**Student:** 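Provided herewith is a single structure, encoded as structure tokens, for subsequent inquiry.
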Amino acid sequence: MTRTPRILLTGFTAFSSIAVNPTERLMRRIGDGSREFSGLSIRTAVLETAYDRCVQQMDAAVDAFRPDAVITFGVHTRAKAIQLERFALNIDDAEVPDNADEIRLGMVIHPDGPAAYLSTLPLDRIYRNLKKAGFPVRFSNHAGAYVCNHIFYHICHRFSTAARPVPAGFIHVPQIAESELFAGMDMEKIMAAVRVIVRTVGDVPGEAYRA
């Protein structure tokens with residue numbers, strides 16, 4: 001008997017110079033059990049932009065929901081397109097403090113983990129579907145070394161040795177465009193792109209979701 005695919009979506013709170021994080025708005029708008037994604041069971045979470053706290057919140061959400069896939073979103077201040085992140089690096093290395101006022105320079109995330117993990121989301125298919133729908137999209141080989149990369153690496157590490165492997169990955173979205181002079185993307189366009197992404201991840205053979 002097949003069941004409804006469960007997909008966990010996460011975003012981040014505002015941080016540093018980012019007064020409004022579009023991924024927090026996305027999560028609030030979509031909400032748990034969203035009707036925008038019929039045929040899918042959706043759970044959302046807003047993670048604190050803090051190294052330790054975001055891991056605690058992510059683990060709690062995964063434990064409670066037991067998702068079939070995890071898509072983590074964050075904002076990239078200079079992005080002009082949806083960025084599909086390929087690799088999570090085993091390092092925290094940013095001079096910008098997190099929301100707990102912690103600065104991490106050259107710190108290994110998981111001492112027993114590899115130097116990098118490859119996203120297990122269907123990135124090629126996501127890329128094609130976004131392109132087909134007319135959205136600006138690009139691949140990225142480096143998610144930075146701040147909290148976005150930290151949670152990306154952690155969730156990949158968690159599922160790498162799990163009894164039930166779960167596709168997981170990270171996607172950067174641009175800042176919200178507030179005027180024609182501001183390099184970003186309209187919030188409605190970001191939301192529409194997320195719909196394509198979630199639908200693509202949820203469009204897998206039914207046998208993958210057998211109880």
Side-chain angles (χ1 to χ4, degrees), residues 7 9-30 34 36-37 44-49 54 69-89 91-99 116-153 155-156 167-203:
I7 301 179
L9 310 177
T10 72
F12 278 106
T13 58
F15 62 95
S16 186
S17 62
I18 304 297
V20 177
N21 193 324
T23 66
E24 179 174 8
R25 285 192 178 181
L26 284 169
M27 296 308 110
R28 304 293 188 201
R29 177 166 170 176
I30 294 170
S34 174
E36 292 203 55
F37 301 102
T44 60
V46 176
L47 309 179
E48 186 65 36
T49 306
C54 73
V70 177
I71 313 173
T72 305
F73 294 94
V75 61
H76 191 299
T77 58
R78 296 183 299 278
K80 297 181 180 179
I82 303 297
Q83 288 194 179
L84 308 180
E85 301 296 345
R86 286 190 173 118
F87 296 98
L89 305 181
I91 191 168
D92 292 330
D93 189 37
E95 294 182 353
V96 177
D98 69 3
N99 284 2
Y117 281 111
L118 183 65
S119 172
T120 50
L121 294 177
L123 295 186
D124 289 343
R125 190 161 36 143
I126 292 171
Y127 180 90
R128 290 195 301 270
N129 287 350
L130 285 171
K131 273 286 190 183
K132 184 178 180 180
F135 294 101
V137 57
R138 64 182 294 269
F139 288 108
S140 169
N141 294 323
H142 195 329
Y146 189 48
V147 181
C148 288
N149 175 74
H150 184 87
I151 200 64
F152 182 14
Y153 189 92
I155 199 64
C156 289
F170 191 91
I171 295 174
H172 269 123
V173 303
Q175 293 187 72
I176 302 171
E178 297 175 334
S179 71
E180 293 181 358
L181 300 177
F182 186 83
M185 187 178 289
D186 178 82
M187 189 64 203
E188 291 304 316
K189 192 169 185 177
I190 296 174
M191 182 67 212
V194 168
R195 290 191 189 100
V196 173
I197 293 166
V198 174
R199 281 295 178 193
T200 301
V201 173
D203 184 21

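Quick note: residue numbers are just sequence positions, from 1. Quantities reported herein were computed from a predicted structural model and do not represent experimental measurements.
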**Student:** Between V201 and A69, what is the shortest heavy-atom contact and its length?
**Tutor:** CG1-CB, 3.7 Å
**Student:** Identify the heavy atoms of S119 and G169 that sit nearest to each other, and give their distance.
**Tutor:** OG-CA, 3.6 Å
**Student:** Show the numbers, then the answer: is there a side-chain contact (heavy atoms from CB on, under 4.5 Å) between N99 and V147?
**Tutor:** CA-CA 10 Å; N99 284 2; V147 181; over 6 Å; no
**Student:** Once rounded to the nearest 0.5 Å, what's the spacing between atom CD1 of I190 and atom CD1 of I82?
**Tutor:** 6.5 Å
**Student:** By the side-chain hydrogen bond (donor to acceptor under 3.5 Å, both in side chains) test, which pairs, at least two apart or in different chains, include something from residues 18-27?
**Tutor:** N21-T23, E24-R28
**Student:** Taking side chain as C-beta onward, heavy atoms only, is C54 less than 4.5 Å from T49?
**Tutor:** no
**Student:** Restricting to side-chain contact (heavy atoms from CB on, under 4.5 Å), what partner residues turn up for C148, sequence neighbours left out?
**Tutor:** F12, F170, H172
**Student:** Report the C-alpha distance between I30 and V194 in whole Å, list the side-chain angles of each, state the deciding distance to 0.1 Å, and finish with yes or no for side-chain contact (heavy atoms from CB on, under 4.5 Å).
**Tutor:** CA-CA 10 Å; I30 294 170; V194 168; 4.1 Å; yes
**Student:** For the pair T10 (side chain) and A45 (backbone), establish whether a donor and an acceptor sit closer than 3.5 Å, ignoring hydrogens and angles.
**Tutor:** no
**Student:** When you measure from the side chain of N149 to the backbone of L89, do you find a donor-acceptor pair of N or O atoms at a distance under 3.5 Å?
**Tutor:** yes
**Student:** Can you see which heavy atom on A168 is nearest to which on C156, and at what distance?
**Tutor:** O-SG, 4.3 Å
**Student:** Which atom names give the shortest non-hydrogen contact between P22 and P174, and what distance separates them?
**Tutor:** CG-O, 3.5 Å
**Student:** Tell me, please, which residues at least two apart from N141 pass side-chain hydrogen bond (donor to acceptor under 3.5 Å, both in side chains).
**Tutor:** R86
**Student:** Do F37 and R199 come within less than 4.5 Å of each other through their side chains, counting heavy atoms only?
**Tutor:** yes
**Student:** Would you please name every residue forming a side-chain hydrogen bond (donor to acceptor under 3.5 Å, both in side chains) with R138, sequence neighbours left out?
**Tutor:** Q83
**Student:** Checking P136 now: which residues fulfil side-chain contact (heavy atoms from CB on, under 4.5 Å) with it, not counting sequence neighbours?
**Tutor:** A81, M185, K189
**Student:** Among residues at least two apart in sequence or on other chains, which ones pass side-chain contact (heavy atoms from CB on, under 4.5 Å) with D92?
**Tutor:** Y51, R104, M107, I109, H150
**Student:** What residues form a side-chain hydrogen bond (donor to acceptor under 3.5 Å, both in side chains) with Y153, not counting sequence neighbours?
**Tutor:** N90
**Student:** Which residues pass the ring-ring contact (aromatic ring centres under 6.0 Å, His included) test with Y127, sequence neighbours left out?
**Tutor:** F139
**Student:** Quick one: list whatever passes side-chain contact (heavy atoms from CB on, under 4.5 Å) with E188, sequence neighbours left out.
**Tutor:** R29, D186
**Student:** With a 4.5 Å limit on heavy-atom distance, are the side chains of L26 and M187 in contact?
**Tutor:** yes
**Student:** Please enumerate all residues that pass side-chain hydrogen bond (donor to acceptor under 3.5 Å, both in side chains) together with T120, with sequence neighbours excluded.
**Tutor:** none
**Student:** Ignoring hydrogens and angles, tell me if any N or O in the side chain of D98 forms a donor-acceptor pair with the backbone of F15 under 3.5 Å.
**Tutor:** no
**Student:** Take L123 and E85, measure what side-chain contact (heavy atoms from CB on, under 4.5 Å) needs, and give me the verdict at the end.
**Tutor:** CA-CA 8 Å; L123 295 186; E85 301 296 345; over 6 Å; no
**Student:** Please list, chain by chain and in numerical order, all residues satisfying ring-ring contact (aromatic ring centres under 6.0 Å, His included) with F135, sequence neighbours excluded.
**Tutor:** none
**Student:** Side-chain contact, heavy-atom cut-off 4.5 Å: T72 with I171?
**Tutor:** no
**Student:** Could you point out which residue of T200, L84, I71 forms a side chain to side chain contact (heavy atoms under 4.5 Å, CB included) with L121?
**Tutor:** I71
